[in-house]
Peer 1: 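Sharing a structure here in structure tokens format.
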Amino acid sequence: MTRIAIENPVEMYAVRLGDDALVLGHRLSEWSSNAPFLEEDLALSNVALDYIGRARMFYTYAGQLRNDGTTEDDYAYLRDCRDYYNLLIHELPRGDFAFSMARQYLVDVFNLAYLAELQQSRDESLAAIAGKAVKESTYHLRRSNDWIMRLGQGTRESLRRLQDAVVELWGFTPELFAMDALEIDLLAQGIAVDRAALRDSWDRQVRATLEAAGVTMPEPDWQVDGGRQGVHTEHLGHLLGELQFVQRAYPGLEW
Amino acid sequence: MTQDNLHLFEVFIRSKRGLDHKHVGSLHAEDPAQALEYARDVYTRRSEGVSIWVVNSSDIHASQEDDSESFYDPMDDKPYRHATHYVLPDAVNNM
Amino acid sequence: MSDSKAMTEAELIERFQSRIDDEQKIEPKDWMPEGYRKNLIRQISQHAHSEVIGMQPEGNWITRAPTLRRKAILLAKVQDEGGHGLYLYSAAETLGVSREELIAALQSGEAKYASIFNYPTLTWADIGAIGWLVDGAAIVNQVSLQRTSYGPYARGMVRICKEESFHQRQGYEIMLALSRGNEAQRAMAQDSINRFWWPSLMMFGPHDAESAHSGQSMKWKIKRQSNDELRQKFVDQTVKQVEVLDMTLPDPDLKWNEGRGHYDFGEIDWEEFKRSMSGGGPCSRQRVAHHVKAHEEGAWVREALRAYQKKQKSQADKAAA
């Protein structure tokens with residue numbers, strides 16, 4: 001694999017957001033023919049399609065900034081683990097239905113607020129992508145919020161599974177709000193969103209919902225991060241091995 | 001196995017403003033709110049609708065078509081309810 | 001007072017058949033012979049199960065699709081199959097059978113589905129071949145079924161045909177890309193055609209003379225064209241498409257018959273057909289096991305939904321009291 005060196009900060013920012021969307025979309029797509037019933041199978045595929053579409057828009061824009069013919073597929077298929085920059089929460093295996101829904105809920109609350117801000121970006125392309133994505137996330141959140149209540153107030157088993165999921169996910173949530181030099185700089189230029197500033201309202205909303213659902217909030221006694229530096233969980237390598245299988249086995253061809 | 005049945009809902013979709021809602025099929029869900037969301041995912045994957053109704057299938061009361069003689073035939077003798085009943089001069093016939 | 005009570009069985013049958021002969025649709029609340037109802041449930045549920053089980057072999061490549069565009073298309077297509085399964089379950093349910101009963105019959109092996117889905121998808125080209133050949137064959141059948149005599153089934157078919165038009169085209173597009181690719185890609189495509197051609201022809205079912213349900217189904221207009229007619233139509237339309245790909249169909253007997261105005265083709269291996277239909281296909285056990293597993297893993301979710309609903313209802317009742 002030849003390395004795609006990314007030097008333009010806006011390109012890097014778009015690729016990061018693209019990676020978040022692609023990796024989560026991939027995980028969601030794994031539910032196809034595995035959902036608890038047919039209606040939910042179709043609904044999960046819709047959410048997966050939204051995320052894959054979002055990844056394509058971010059990558060395509062990133063490629064345009066390079067102006068050297070780099071395509072969405074180059075970003076998706078020709079980078080290995082260390083050059084993927086998604087936040088770790090997106091790459092965790094789909095787990096059971098409670099895990100997928102809990103992750104979705106935590107991410108949906110975040111994304112809705114984040115995209116609303118990104119719509120105000122001085123970068124018109126990013127703002128336009130956010131404008132489309134924010135509508136999708138509004139719907140995603142309605143669904144996942146609904147599922148949190150149903151699972152939390154369903155049976156003892158569903159509450160236990162939801163509780164376990166929240167505990168497993170909790171240490172991956174601080175990374176959603178971590179700013180680094182690149183994003184601080186882009187924020188100063190009015191291009192990037194201030195993640196850190198979203199934390200309090202996210203925290204209030206998430207706590208209120210989860211507690212209403214009957215979940216006991218976990219202690220914030222551990223946290224893992226590293227996605228933005230390409231330091232991932234071991235799961236991502238396997239995900240990429242699958243995602244990139246054809247391109248790796250038959251490099252450089254048109255499909 | 002536990003009784004696995006989610007409720008059956010009938011789905012009606014208004015495909016564009018100004019048209020009636022039309023029956024498109026059914027789906028399973030636990031309650032009307034969930035049925036509406038699934039109707040969106042199941043029956044409007046190609047933006048087929050601007051408005052959706054869902055109705056608990058058990059709430060639909062249907063006429064028996066076998067009763068149709070008593071039910072509909074009495075309506076059949078009132079041709080004056082139809083525009084074509086009135087023969088007008090050509091000059092105004094597209095009224 | 002319902003007229004049907006006053007009529008004898010023979011009169012009812014006569015009125016039913018004359019409705020059908022008259023090209024009127026039969027609707028859910030109409031009187032219908034028990035055989036008609038059973039035959040329909042069998043055919044519609046088999047069709048629904050085929051859509052749902054068909055999600056698996058194609059779903060096998062969603063996470064491995066070679067480009068993001070192909071990935072989105074494939075996911076949307078597999079989702080459509082699920083939707084079509086749902087439309088068809090919905091049509092079957094108007095005949096007084098529940099989805100749970102239908103699923104139980106699928107999982108016990110009592111209900112059948114198209115045997116083509118018991119073959120494995122081994123390479124990316126198989127996704128092309130399935131879209132092009134398998135969906136192509138299905139569409140030939142479904143177009144004909146838009147005129148089936150049972151209203152809900154016919155309406156489901158109209159909706160399905162409208163949505164499926166992209167399925168075959170995307171499959172052919174995959175094959176076209178491979179046919180213009182390098183040696184390995186061309187070989188991959190040809191191998192896929194070789195493996196999926198005969199099973200595609202089997203999708204139309206046994207010869208008319210051998211088909212257990214055909215005669216009655218035609219009289220009731222559940223089926224509008226015979227298995228052999230539809231199969232011939234599919235062969236005729238596919239030959240030209242293979243030529244455009246500059247590939248071949250694995251049948252030495254395939255040739256144009258000027259007198260008939262159709263292509264002649266070789267005999268299907270009916271032993272393989274029977275084996276695959278009766279659970280002996282390479283992936284038969286895997287497909288059903290996958291369905292059972294997903295269904296069982298989802299049991300606690302469905303239970304949670306019911307429990308939640310019950311709690312909501314009892315709270316609402318308390319508030320009202």
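Quick note on labels: first sequence line is chain A, next is B, and so on, each numbered from 1.
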Peer 1: May I have the step-by-step check of salt bridge (Lys or Arg N to Asp or Glu O under 4.0 Å) for C:Arg169 and C:Glu173, ending in yes or no?
Peer 2: CA-CA 6 Å; C:Arg169 294 172 72 90; C:Glu173 195 195 71; over 6 Å; no

Peer 1: Considering non-hydrogen atoms only, spot the tightest contact between C:Ala105 and C:Ser108 and give its length.
Peer 2: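 Here C:Ala105 and C:Ser108 meet closest at O-OG, 3.2 Å.
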
Peer 1: Please classify the contact of B:His28 with chain C as side chain, backbone, both or neither, using a heavy-atom distance under 4.5 Å.
Peer 2: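 Contact with chain C: backbone and side chain both.
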
Peer 1: Mind checking whether C:Phe16 and C:Tyr36 have ring centres under 6.0 Å apart?
Peer 2: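 They qualify: ring centres under 6.0 Å apart.
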
Peer 1: Using the six-membered ring wherever Trp is involved, compare the ring planes of C:His291 and C:His295 and label them parallel, tilted or perpendicular (cut-offs 30° and 60°).
Peer 2: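 Correct class here is parallel.
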
Peer 1: Answer with side chain, backbone, both or neither: which region of C:Gln312 has an atom nearer than 4.5 Å to a non-hydrogen atom of chain B?
Peer 2: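 It is neither, since no heavy atom gets under 4.5 Å.
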
Peer 1: Taking the basic N atoms (NZ, or NE/NH1/NH2) and the acidic carboxylate oxygens, is any pair closer than 4.0 Å for C:Lys221 and C:Glu23?
Peer 2: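 Salt bridge between C:Lys221 and C:Glu23, a charged N being under 4.0 Å from a carboxylate O: yes.
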
Peer 1: Going by atom types only, do C:Gln309 and B:His7 share a side-chain donor-acceptor pair under 3.5 Å?
Peer 2: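 No, B:His7 and C:Gln309 have no side-chain donor paired with an acceptor closer than 3.5 Å.
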
Peer 1: Side chains of C:Tyr308 and B:Gln34: any donor to acceptor distance under 3.5 Å?
Peer 2: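 Looking only at side-chain atoms, C:Tyr308 and B:Gln34 do not form any donor-acceptor pair under 3.5 Å.
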
Peer 1: If we only count heavy atoms from C-beta on, is the C:Glu81 to C:Asp135 side-chain gap below 4.5 Å?
Peer 2: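 Side chain of C:Glu81 against side chain of C:Asp135, heavy atoms only: contact under 4.5 Å found.
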
Peer 1: Hey, which of C:Thr94, C:Ile103, C:Leu86 has the most heavy atom pairs under 4.5 Å with chain B?
Peer 2: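 It is C:Leu86.
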
Peer 1: Which residues, numbered in order, of residues 43-62 of chain C come under 4.5 angstrom of chain B by heavy-atom distance?
Peer 2: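 Those residues of residues 43-62 of chain C which would need a heavy atom under 4.5 Å from chain B do not exist here.
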
Peer 1: Using every non-hydrogen atom in the two residues, find where C:Tyr87 and C:Ile160 come nearest and quote the distance to one decimal.
Peer 2: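 In terms of heavy atoms, the two residues are closest at CD1-CG1, 3.7 Å.
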
Peer 1: Which one, C:Arg159, C:Arg155, C:Glu163, C:Gln79, leads in non-hydrogen pairs under 4.5 Å with chain B?
Peer 2: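 Highest number of heavy-atom pairs under 4.5 Å: C:Glu163.
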
Peer 1: Side chains of B:Lys22 and B:Phe12: does their closest heavy-atom pair fall under 4.5 Å?
Peer 2: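 A side-chain contact under 4.5 Å is absent here.
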
Peer 1: Quick check on the structure: residues of residues 46-60 of chain B within a heavy-atom distance below 4.5 Å of chain C, by number.
Peer 2: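 Contacts with chain C: B:Arg46, B:Glu48.
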
Peer 1: Is a side-chain N or O of C:Arg19 found less than 3.5 angstrom from the main chain of C:Ile26, in a donor-acceptor match?
Peer 2: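 Answer holds: no.
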
